[in-house]
Amino acid sequence: MPTEPRENPNLRATEADREAVVERLQEAAADGRLGFEELDERLGLALSATTHGELVPLTADLTPAVLPSTAEPLVLDGGSHGLSRTGPWQVPPHITVHGGSGGATVDFTETECVLSEVGVEAHGDKGGVTLVVPDSWAVDSDEVDPGFGGVTNRTTAGHLPGSPLIRLTGTGGSGGLYVRHPSGRQRRRQQRT
């Protein structure tokens with residue numbers, strides 16, 4: 001997958017960026033797309049990389065697997081008591097989430113996602129919807145109708161090639177839509193596990 005034009009290859013890579021590339025390389029080896037020698041070589045380069053530009057070529061020829069478009073969409077509804085989808089789960093190609101009156105949080109930080117793009121249709125309703133995405137992911141929220149609650153996208157503009165892009169659509173409603181990367185507390189909890 002080519003580098004996004006908005007991404008600066010000279011940006012310093014984080015530990016999470018390196019880990020995301022290592023994970024992609026290991027998955028490619030498990031699928032038989034990389035041999036052991038090539039895997040070892042690329043892992044060494046990934047672990048010593050200091051910029052995004054050094055990481056990009058390591059996964060550029062590894063296209064993510066695509067789930068069939070017939071896969072069932074995931075529908076989540078916050079209802080009156082609220083909903084929080086967290087922990088490890090498989091990301092489908094399309095997700096519809098309604099905040100209801102209790103609100104809904106969809107956390108992608110521990111998910112398994114082999115898709116290059118995920119469609120999320122979110123409706124803030126009264127309770128609002130929060131999406132939490134890993135640092136290496138990007139979110140395109142240009143197609144969202146802000147409604148009364150608005151749309152707040154606090155994610156970084158660039159993402160690692162091969163990492164998922166969330167195409168966000170829907171409406172903010174009165175509760176709004178909020179998109180962010182993991183909080184410091186979430187990061188510390190993940191490092192302990």
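Just so it is clear, the model here is predicted, and its values are computed rather than measured. The basis for the numbers below is simple: all heavy atoms, side chains too, and nothing from hydrogens, waters or symmetry mates.
Under the ring pair (Phe, Tyr, Trp, His ring centres under 6.0 Å) criterion, Tyr178 pairs with no residue at all, not counting sequence neighbours. With sequence neighbours excluded, no residue forms a side chain to side chain donor-acceptor pair (under 3.5 Å) with Thr111. A search for side-chain contact (heavy atoms from CB on, under 4.5 Å) contacts involving Leu47 returns Val22, not counting sequence neighbours. In this view, Thr152 satisfies the side chain to side chain donor-acceptor pair (under 3.5 Å) rule with no residue, not counting sequence neighbours. Glu54 is linked by a side-chain contact (heavy atoms from CB on, under 4.5 Å) to Ala49, Thr50, Thr51, counting only residues two or more places apart in sequence or in another chain. Taking Thr14 as the reference, Asp17 meet the side chain to side chain donor-acceptor pair (under 3.5 Å) condition, with sequence neighbours excluded. Residues forming a side-chain contact (heavy atoms from CB on, under 4.5 Å) with Glu38 (at least two apart in sequence, or on another chain): Leu34, Arg42. Listed by chain and residue number, Arg18, Glu19 satisfy the side-chain contact (heavy atoms from CB on, under 4.5 Å) test with Glu15 (two or more places apart in sequence, or in another chain). Applying the side chain to side chain donor-acceptor pair (under 3.5 Å) criterion to Ser141, with sequence neighbours excluded, gives Asn153.
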Quick one: side chains of residues 119-134, donor-acceptor pairs under 3.5 Å with protein atoms, not counting sequence neighbours, listed by atom name and distance.
from, atom 1, to, atom 2, distance (Å)
Glu121, OE2, His123, NE2, 2.8
His123, ND1, Thr171, OG1, 3.2
Asp125, OD2, Gly99, N, 3.3
Asp125, OD2, Gly100, N, 3.0

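Val144 and Gly172 get closest at one heavy-atom pair: CG1-N, 4.4 Å. Across every non-hydrogen atom of Leu25 and Ala46, the tightest pair is CD1-CB, 4.3 Å. A pairwise comparison of heavy atoms in Thr109 and Pro182 identifies CG2-CG, 3.2 Å as the closest pair. Between Val151 and Pro146, the closest heavy-atom pair is CG2-CA, 3.9 Å. Residues Ala13 and Leu55 share a closest heavy-atom pair of CB-CD1, 3.7 Å. Taking each heavy atom of Leu58 and Asp61 in turn, the nearest pair found is O-OD1, 4.3 Å.
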* To do: Under the side chain to side chain contact (heavy atoms under 4.5 Å, CB included) rule, what do Trp137 and Leu165 come out as? Steps first, then yes or no, please.
  => CA-CA 6 Å; Trp137 292 28; Leu165 169 67; over 6 Å; no
* **Residue pair Leu43, Glu41: steps toward the side chain to side chain contact (heavy atoms under 4.5 Å, CB included) verdict** => CA-CA 6 Å; Leu43 286 175; Glu41 180 183 344; over 6 Å; no
* Chi angles and distances behind the side chain to side chain contact (heavy atoms under 4.5 Å, CB included) call for Leu83, Thr105 -> CA-CA 6 Å; Leu83 169 110; Thr105 298; over 6 Å; no
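Residues Cys113 and Val118 are in side-chain contact: their nearest non-hydrogen atoms beyond the backbone lie under 4.5 Å apart. No side-chain heavy atom of Leu39 sits under 4.5 Å from any side-chain heavy atom of Glu37. You'll find the side chain of Arg154 stays beyond 4.5 Å of the side chain of Val179, heavy atoms only. Contact of the Leu115 side chain with the Pro164 side chain is not registered, since no non-hydrogen atoms from C-beta on lie closer than 4.5 Å.
Listed for the Glu112 side chain is no donor-acceptor partner under 3.5 Å among the backbone atoms of Trp89.
Contacts classified as salt bridge (Lys or Arg N to Asp or Glu O under 4.0 Å) and involving residues 74-92 (residues at least two apart or in different chains) are not found. Every pair passing salt bridge (Lys or Arg N to Asp or Glu O under 4.0 Å) that includes a residue from residues 140-150 is listed here, sequence neighbours excluded: Asp140-Arg167.
Rounding to the nearest 0.5 Å gives a distance of 5.0 Å between OG1 of Thr155 and NE2 of His181. Atom OG of Ser136 sits about 10.0 Å away from atom CZ of Arg24, to the nearest 0.5 Å.
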